[in-house]
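Below is one structure; the comments refer to it alone.
Proteins get letters first, then strands, A, B, ... in listed order; numbering begins at 1 in each. Atom set for the values below is all heavy atoms of this structure, side chains included, hydrogens, waters and symmetry mates excluded.
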Amino acid sequence: MARKGDLKQVNDVATSLGMTRLERRLFGLWIENMKASGERGTKNARGDFTFDELKAHGQDFLDEMRSDS
Amino acid sequence: MSTRLREPQDAATAIEGKSFRKALRSYGDELVLALGAPAVSPGVGELSQYMVFTRATPWFAEADGQLIGVHKQRLTDRLLTRLNDSLAGASVETVHLIEEVLGLSIEFSNGVRFSLWPSAETVGARKGEELWEISTPVGSSVVANSATGLDIVSDDAPFQVTDPDDVAAARAEMNVMSVIREAVRHLGFQFFEARRPDAPSIVDALVLIPTTGEVIHIEVKRRADHEHAKPSGAPRLVIYDPRDVPLLERDERAAVVQALSMTDATPDRIEEALQRLATAA
């Protein structure tokens, strides 16, 4: 069962950046891939991301998504 | 089955017959199941045409009463591996939406059952929260929302799928039953949908012609059904996957058969086919 707080944070970032439904779903997978490849956030010892960090990554994600499509 | 449930259930059955590809972790330890043919998404890489997003909803997987995995605060690599191993090579046999609790149950061909079971305090909550979602390659998703229940929601854009024919087929498969239902209603016939339209090779629905008492069988063929095809002798309307050829040569006993590809199954053509069958019956 996912952590509601983290999902809400991703949802909030998605809303603030105007992500579509599809982009929101893919963003969750994308950010998890980033973590798996070594990118760490400063929110806690697990390397989760703060809201601001997620938002910055969210913008990178959108730039990548929209340039590819 | 209530009217409210019927359309999401019809749409959800689109994942039946689809092969399991992998279980993934999304940010926040959300479990995601990838089903069906590979699909490419910019920035994320290879996914699948159909994706089950579990959100923060409790889930469990079991087979023959043995628990394979259950939701935990952390979706560990070990748990993901166990799920991937237990579902490797399996395909979806049946999918059921459980309206009362906004649950979802997926039975796989190897006997594994995966269930999403929202907590009682979540269901009916005034504040809407997405409990789970099945996304499809055709621009719509089946969504369970704690406040509004089960629904079909339009997507902004589908995944980029690798085979355009698959998109057309999936779209047709999702919609075909509702198109048939509408055509039957328009003709003044009566429509009876199978309570479990999941069992392979059996009649998916019956159409009763009130004036004559004759019955037409409706069969919506998916790829997995062909090996089990057991044609009946009754007049039949067969809707088949356009990626396959209909195996009508097996139907020597069939009195009358009208066959339409799913992508050709428009309301007009279905009506026309039903009328022909009704005349011949």
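- With salt bridges taken as basic N to acidic carboxylate O contacts below 4.0 Å, none links A:Asp12 and A:Lys55.
- For the pair B:Glu133 and A:Arg21, the salt-bridge criterion is met [side-chain N within less than 4.0 Å of a carboxylate O].
- To the nearest 0.5 Å, atoms CZ (B:Arg55) and CG (B:Leu116) are separated by 11.0 Å.
- When atom types are taken as modelled, the side chain of B:Thr57 and the backbone of B:Leu131 share a donor-acceptor pair closer than 3.5 angstrom.
- Annotation: residues 42-53 of chain A contacts chain B through A:Arg46, A:Asp48, A:Phe49 [non-hydrogen atoms, separation under 4.5 Å].
- When the candidates A:Lys35, A:Glu32, A:Met34 are compared by the number of heavy-atom contacts under 4.5 Å with chain B, A:Glu32 comes out ahead.
- A tilted orientation is assigned to the rings of A:Phe61 and A:Phe27, their planes being inclined by 30° to 60°.
- Judged purely by distance below 3.5 Å, without hydrogens or angles, the side chains of A:Thr20 and A:Glu23 pair a donor atom with an acceptor atom.
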